[in-house]
Amino acid sequence: MKEFRDIELKWQKKWEKDKVFEAEENRKKEKCYIVEFFPYPSSYGLHMGHAINYSIGDVFARYKRLKGFSVLYPMGYDAFGLPAENAAIKEGVHPRKYTEKSIQNFLYQQKRLGLSYDWNRLIKTCDVKYYKWNQWLFLKFFEKGLAYRTKAPANWCDSCGTVLANEQVEDGECWRCRSKVEIKQLEQWFLRITKYADELLSDLKKLDGWPHRIKLMQENWIGRSQGTEIDFKLKGSNEKLKVFTTRPDTLWGVTFMVLAPENPLVTELVKGTMYEKKTKDFIDKVVLEEKFERTAEDKEKEGLFIGKYAINPVNRDDVPIYIANFVLLEYGTGAVMAVPAHDQRDFEFAKKYKLPIKIVIKPENHDLDPEKMMKAYIEPGIIVNSDKKFNGKKNLEASTEISKYLEEKKLGRKMVQYKLRDWLISRQRYWGTPIPIIYCEKCGAVPAEIPVLLPEDVKFSGKGNPLARNEKFVNARCSKCSGKARRETDTMDSFIDSSWYFLRYCDNKNDKKIFDSKKVDYWVPLDYYIGGAEHAVMHLLYCRFFTKALRDLGLLKIDEPVINLFNQGMINKGGEKMSKSRGNIVDPMSIVDNYGADTLRTYLLFLSAPDKDKEWDDEAIDGVYRFLRKIYSFKERVKVKSSIKDKLLESKLNRTIKEVALDIEEFKFNLAISRLMQLTNFIYNNKENVSLKVFETSFGKILIMLSCFAPHLAEELWKGEGYVCLAEWPDVDESKIDESLEKEEEQTEKIIEDINHVVKLIKKDVKKCFVYTLPKEEKIYKDNIETISMKTNLEIKIFSVNDKNKYDPEKKAAKAKAGKPAIYLE
RNA sequence: GCGGGAGUGCCGGAGUCUGGAAAACGGAUACGGUCGAGGUCCGUAUGGCUUAGUGCCUACGCAGGUUCAAAUCCUGUCUCCCGCACCA
């Protein structure tokens, strides 16, 4: 509808001109900081998921403003990243141009949705004013030993031409392009996130406002396990082989050992022996070809004896050393002691390679026979065949004693292990923040002067990192000795950008400091952070890590960045996720063109609770459109015939104000909208029977509530001072809420329904209707006689059942019950 | 395998925390009305039976249990979605 379009554009312009949504640190007000995951600006523009995401945040921001909060609600763009660079290679556009264009498109579309961002706080991560502070932070981390460089096996995505962090590998595939990831040995920069592993885990308990499942996913990802590290001596050598186990109680049951094939010790051990060739072949096969299939649980276990033995420190047994595909270098010490009797993996391996199975724990009631066992016995039991100190004890209790015993004998120590690895942040790509390091022939890796500008003049060939071929960029002077030096050409993972952007919003124009702590302290932590669940173990873990690291640098006073995390549901169409490849996407902007932004926003929130998945329905949107048009129709006031519905309207209005506020606080926007619909329908149906004064004050209050969902329409119809979006949320007048009056209305509706029902049944021409009520209900129906008459199109006469003079030729009055009067028609 | 979430009319979804006449709100379809036609708008119907009536039966994935009373609480089970997965 063109009218809606004009209205929306008009108000969008006015809001912008009057800087209506600019935030300020008003210390007299309570603050509320609301952020949505900032988008990667793709050239396709907003998709429906964005539209939902921002609609949720906008409703809440608008609501909090109406409630008198000082609200910061900013937007930014996660503008570095691969798609822009790939487009550059494919289409020959410079990534900066491509990105700027996409940003302009996003910005235009977001404004067209009427989102109430403080655009003055805009952030673009590809802007040197932003990424300079990435570099600053990196150098701080470097100084504190939180950033370090090392040669390590890295996840390599050949199609992206770069390495990936563990979090960015999903099922052995690149999270972005879905191609197979391989392992390469490379010298790379890491951030020591593992330093915070324990705190990241234990602080999850503080996050009451986070969805349970996100916390669980992080907990699993961090993967803390407590155990014991035990030293095995190599036979015929003084060298030690360390293993990590959570089951020291099974130590006497060790019958072999297994090393991860890529464990550097392995090549050393077989050097010069007859096993060297076989071992090398095995390693090549397992490590290079099968890195990721290898971690599947149903993968057949494969191993190889490497000709060496270790000595069990507690019983001096010789145990053969194997390498096998089921042991991972990254976890623990990359070596395990194998106890086939009590570990399923070891059991399967032992069966396959005919290794002995020795029972050291048995159930209380019966004995185990290693020959007949079909699987490992992993339940609790009694220790047997071990040291006499422990035999006969319950294994769970003995476990700690054994660990202590090992510690005393200096054979082992208690230890905590994590699955969490350090964060690999080097990317062999152009479109990112340059890592501000210079390699000097004399001084080694030294900090570069920042900002290290990303050179604009580069050539994209599609192979390798264009920065590395840019002589002007690469050649540098050492910042310490001015000697000949070479610049680091890797750029940072763009997840660095998103790990702290919410802090920069608070002071986005500061060119002296990363941010002014006073400003940040006022706004952070985020009161509400809204976005999809796909970032559970990437962004949401990294930003927690950065918060803690920045706190330890003295820049922040908080431990956790986000109080309440809200995950919106996914939008489906035809039972499937909306996606380009399925061809079932609906472009939000096409809906805006046809129905307007107000309709789209309201519809998206009305579909279902914001945290639930949604099913897009092309037709159902008409319902919301009708609702908004109905509201718009009140622009022209009809003739007032009476004021008999004033009290009822005020009652409903006040109840609605109360309920809608509660619904919004609980993010039940779908319910809030349905209540506004009900109230609107009531007014619409009774518009001639409400006095002008009551109508206008009520309608004004409705518009304030409506302004959260359909802000343009609300502004257009608002007759109060200033902007409706800067008004005050209406107070609830409890005294106006009249339960019995509303009940009367229900009863009236009911009798109308009954009369109409009967009229239809008897299929006769009816003109008059006689209603017989219980004496105490007589008044209710008499008060509403006009409504009943009007809606049944009959002449109505109401009698109390005890009225002796009533007209009742067929003695129907006897059927009257409480709330259900009897009827006679003629 | 482990963990999390969900199953309610023709459809999307309320209701579940806190047990008390299930189906708010919206959509679709059909019929009727309004209208010059279309759209709009209004009304009625959409599990079964029955009717000068407001009644009865059946129903909240399935099966049990607790209770005067269960969509709601408990136990078991099936299906679907999501996450993790040889972590020693």
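The sequence lines fix the lettering, A, B, ..., with proteins before strands; numbering per chain opens at 1.
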Anything under 30° is parallel, anything over 60° is perpendicular, the rest tilted; go ahead and classify [X] against [Y].
X: A:Tyr353; Y: A:Tyr322; result: tilted
X: A:His539; Y: A:His535; result: perpendicular
X: A:Tyr772; Y: A:Phe799; result: parallel

Interatomic distance, [X] [atom1] vs [N] [atom2] [rounded to whole Å]:
X: A:Leu420; N: B:A85; atom1: CG; atom2: P; value: 13 Å
X: A:Ile222; N: B:C87; atom1: CD1; atom2: C1'; value: 15 Å
X: A:Asp617; N: B:G13; atom1: CG; atom2: P; value: 10 Å
X: A:Leu329; N: B:C87; atom1: CG; atom2: P; value: 16 Å
X: A:Trp616; N: B:G27; atom1: CH2; atom2: C1'; value: 13 Å
X: A:Met570; N: B:G4; atom1: CE; atom2: P; value: 20 Å
X: A:Phe709; N: B:G26; atom1: CZ; atom2: P; value: 15 Å
X: A:Asp618; N: B:C11; atom1: CG; atom2: C1'; value: 14 Å

Using the [atom1] atom on both, measure [N] against [M] and round to a whole Å.
N: B:C60; M: B:G47; atom1: C1'; result: 13 Å
N: B:G15; M: B:C25; atom1: P; result: 14 Å
N: B:G53; M: B:A21; atom1: P; result: 26 Å
N: B:A63; M: B:A70; atom1: C1'; result: 15 Å
N: B:U66; M: B:G9; atom1: C1'; result: 29 Å
N: B:U72; M: B:G83; atom1: P; result: 30 Å
N: B:C41; M: B:G26; atom1: P; result: 12 Å
N: B:A28; M: B:C82; atom1: C1'; result: 30 Å

Applying side chain to side chain contact (heavy atoms under 4.5 Å, CB included) to A:Ile664 and A:Met705, what does each step give before you reach the verdict?
CA-CA 10 Å; A:Ile664 295 180; A:Met705 293 189 273; over 6 Å; no

Heavy atoms under 4.0 Å, any strand shown: does [X] hit a base, just sugar-phosphate, or nothing?
X: A:Ala609; answer: sugar-phosphate
X: A:Lys630; answer: sugar-phosphate
X: A:Ile823; answer: base

What nucleotide among [options] has an atom nearest to a side-chain atom of [X]?
X: A:Asn325; options: B:C86, B:A88, B:C42; answer: B:C86
X: A:Ser225; options: B:G3, B:C84, B:A88; answer: B:A88
X: A:Leu607; options: B:G12, B:C87, B:G27; answer: B:G12
X: A:Lys301; options: B:G53, B:C86, B:C42; answer: B:C86
X: A:Phe326; options: B:C86, B:A14, B:A28; answer: B:C86
X: A:Arg629; options: B:C41, B:G27, B:A88; answer: B:C41
X: A:Thr245; options: B:G4, B:G27, B:A88; answer: B:A88

Look through every strand shown and name the nucleotide pairing with [N] as Watson-Crick or G-U wobble, where both distances are under 3.5 Å.
N: B:A59; result: none
N: B:U72; result: none
N: B:A14; result: none
N: B:A37; result: none
N: B:U66; result: none
N: B:C2; result: B:G83
N: B:G32; result: B:C42

Is any side-chain nitrogen or oxygen of [X] closer than 4.0 Å to OP1 or OP2 of [N]?
X: A:Arg626; N: B:C41; value: yes
X: A:Arg224; N: B:C87; value: no
X: A:Lys573; N: B:C11; value: no

Hey, are A:Asn670 and A:Ser608 close enough side-chain-wise for a donor-acceptor pair under 3.5 Å?
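Side chains of A:Ser608 and A:Asn670: no pair found under 3.5 Å.
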
Quick one about A:Asn325 and A:Lys285 (side-chain donor to acceptor, distance below 3.5 Å, no hydrogens or angles considered), yes or no?
no

Both A:Ser608 and A:Tyr331 contact RNA chain B. Taking the nearest nucleotide for each, which residue is further toward the 5' end?
A:Ser608

Reading RNA chain B from 5' onward, which residue's closest nucleotide shows up sooner: A:Asn220 or A:Arg345?
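By nearest-heavy-atom nucleotide position, the 5'-most residue is A:Asn220.
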
Approximate separation, where rounding is to 0.5 Å, of A:Phe244 CZ and A:Glu229 CD:
8.5 Å

Mind checking the OG1-CG spacing from A:Thr656 to A:Asp663? Nearest 0.5 Å is all I need.
10.0 Å

Footprint string (nucleotides 16-25 of chain B, 5' to 3'): B base within contact, S backbone only, - free, heavy atoms under 4.0 Å:
--------BB

Taking everything shown except A:Leu662 itself, do over 12 heavy atoms lie less than 6.0 Å from its CG?
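Buried by this count: over 12 neighbours within 6.0 Å.
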
Quick one: list whatever passes ring pair (Phe, Tyr, Trp, His ring centres under 6.0 Å) with A:Trp616, sequence neighbours left out.
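Per chain and number, A:Trp616 pairs via ring pair (Phe, Tyr, Trp, His ring centres under 6.0 Å) with A:Tyr603.
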
Anti or syn - B:G5, cut at 90° from 0:
anti

Do A:Phe634 and A:Tyr632 have ring centroids that are under 6.0 Å from one another?
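So the answer is no for these two rings.
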
